[in-house]
Number of protein chains: 2
Amino acid sequence: MNEAEVLTMLGALSQQTRLQIVRFLMRCGDTGASAGEVGQEVGATSSRASFHLSALENAGVITSERQSRHIYYRANPAGMGALVSFLLNDCCDNHPDVRACCGVVSSCC
Amino acid sequence: MNEAEVLTMLGALSQQTRLQIVRFLMRCGDTGASAGEVGQEVGATSSRASFHLSALENAGVITSERQSRHIYYRANPAGMGALVSFLLNDCCDNHPDVRACCGVVSSCC
DNA sequence: TTAACACTTCAAGAGATATTGAGATATGAA
DNA sequence: TTCATATCTCAATATCTCTTGAAGTGTTAA
């Protein structure tokens with residue numbers, strides 16, 4: 001994961017509506033949720049939800065799959081894992097105090 | 001760490017110059033670096049460096065301490081740890097695939 | 001006190017991003 | 001085919017953020 005990808009992902013997450021969307025989709029698990037359900041959950045119009053879902057998908061935080069007339073969005077654990085891994089390893093230079101805070105015991109990814 | 005604090009921290013990190021500053025200060029460790037040194041490292045004017053350092057300090061990513069005419073900035077591992085912890089626990093709902101990616105074995109903070 | 005240095009704050013302009021509503025596209029049912 | 005539903009795209013506006021340079025604050029030394 002290079003710096004540009006990390007910046008895109010951090011930027012995508014640093015917005016209230018989008019952070020809410022990610023938290024919701026993480027709770028939804030493999031089932032995922034349609035754009036309409038996502039919009040309803042976070043109190044957004046469909047075009048606003050669509051805009052934010054695009055940003056999140058573009059950043060690699062979520063994925064989408066069309067099923068008949070619905071498009072189901074799902075959280076992408078691998079993407080979030082890569083971000084966390086970058087923060088711990090590259091950004092924080094494997095600082096033990098940072099790793100200790102989250103129960104990280106071995107070096108990673 | 002509440003949602004507003006997380007958003008502030010993610011926003012602070014989602015900018016190239018500021019991400020560079022954090023990485024540099026993490027490498028500097030307890031010694032830290034002055035605003036001038038930071039600016040030189042990331043290729044920023046003094047006012048630009050000061051602007052970004054303020055944003056990072058305000059977000060809790062770094063700390064500052066005046067020593068005579070210099071102000072020394074240091075990375076704040078506890079702040080970064082809290083952010084990573086939030087991402088793993090709250091945001092990702094303790095999703096095992098996310099935790100696995102970084103060698104996280106126990107639940108945390 | 002005066003001067004030099006290190007850093008911060010302020011204001012202004014440029015650029016990026018968020019929100020909204022209207023219209024377009026895609027799918028499935030009648 | 002026609003209609004209804006689900007979602008996306010587009011343009012306009014508003015808001016936020018970054019950068020720059022000038023002016024201000026605080027510290028040390030002469």
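The shown structure was predicted, so the numbers you read here are calculated from the model rather than taken from an experiment. So that the names make sense, note that chain A is the first sequence line, chain B the second, and so on, each numbered from 1.
- Remark: Ser34(B) is not in phosphate contact with dA6(C), judged by side-chain N or O atoms under 4.0 Å from OP1 or OP2.
- Taking atom CG on Leu56(A) and atom P on dT17(C), their separation rounds to 14 Å, with Å as the unit.
- A straight line from CD of Gln16(B) to P of dA16(C) spans 14 Å, rounded to a whole angstrom.
- Residue Arg48(A) has a polar side-chain atom (N or O) positioned under 4.0 Å from OP1 or OP2 of dT20(C).
- The two residues Ala12(A) and Arg18(A) make their nearest non-hydrogen contact at O-NE, 2.7 Å.
- At dT19(C), one or more side-chain N or O atoms of His52(A) fall inside 4.0 Å of OP1 or OP2 (strictly under the cut-off).
- Computed from coordinates, the Phe51(A) CZ to dA16(C) C1' distance equals 10 Å when rounded to whole Å.
- The separation between Arg18(B) atom CZ and dC18(D) atom C1' is 8 Å, rounded to whole Å.
- Hydrophobic clustering (ILVMFWY, side-chain heavy atoms < 4.5 Å, transitive): Tyr72(B) and Val38(B) are in distinct clusters.
- Side-chain nitrogen and oxygen atoms of Gln15(B) include none within less than 4.0 Å of the OP1 or OP2 phosphate oxygen of dC16(D).
- Taking CD1 of Ile71(B) as the start and CD of Glu57(B) as the end, the distance is 8.5 Å to the nearest 0.5 Å.
- Atom CG of Leu13(A) and atom P of dA18(C) are 12 Å apart (whole Å).
- Counting to the nearest Å, the C1' atom of dA6(D) and the OH atom of Tyr72(A) are 11 Å from each other.
- The side chain of Arg66(A) lies closest to dT27(C), out of dT8(C), dA18(C), dT27(C).
- If you measure from atom CD of Gln20(B) to atom C1' of dC18(D), you get 14 Å, rounded to the nearest angstrom.
- Computed from coordinates, the Gln40(B) CD to dA6(C) C1' distance equals 13 Å when rounded to whole Å.
- Phe51(B) and Phe24(B) fall into different hydrophobic clusters, where Ile, Leu, Val, Met, Phe, Trp and Tyr are joined by side-chain heavy atoms under 4.5 Å apart, directly or via other members.
- Of the candidate nucleotides dC18(D), dT19(C), dC8(D), dT19(C) has the atom nearest to the side chain of Thr17(A).
- Comparing Ser14(A) and Arg69(A) by the nucleotide of DNA chain C whose heavy atom lies nearest to each, the residue mapping closer to the 5' end is Ser14(A).
- Within the nucleic acid shown, Ser68(B) comes within 4.0 Å of sugar-phosphate atoms alone, with no base atom in reach, counting heavy atoms only.
- OP1 or OP2 of dC7(C) has at least one side-chain nitrogen or oxygen of His70(B) nearer than 4.0 Å.
- Between Ser47(B) and dT19(D) there is no side-chain N or O to OP1 or OP2 distance below 4.0 Å.
- Contact of the Met80(A) side chain with the Ile62(A) side chain is not registered, since no non-hydrogen atoms from C-beta on lie closer than 4.5 Å.
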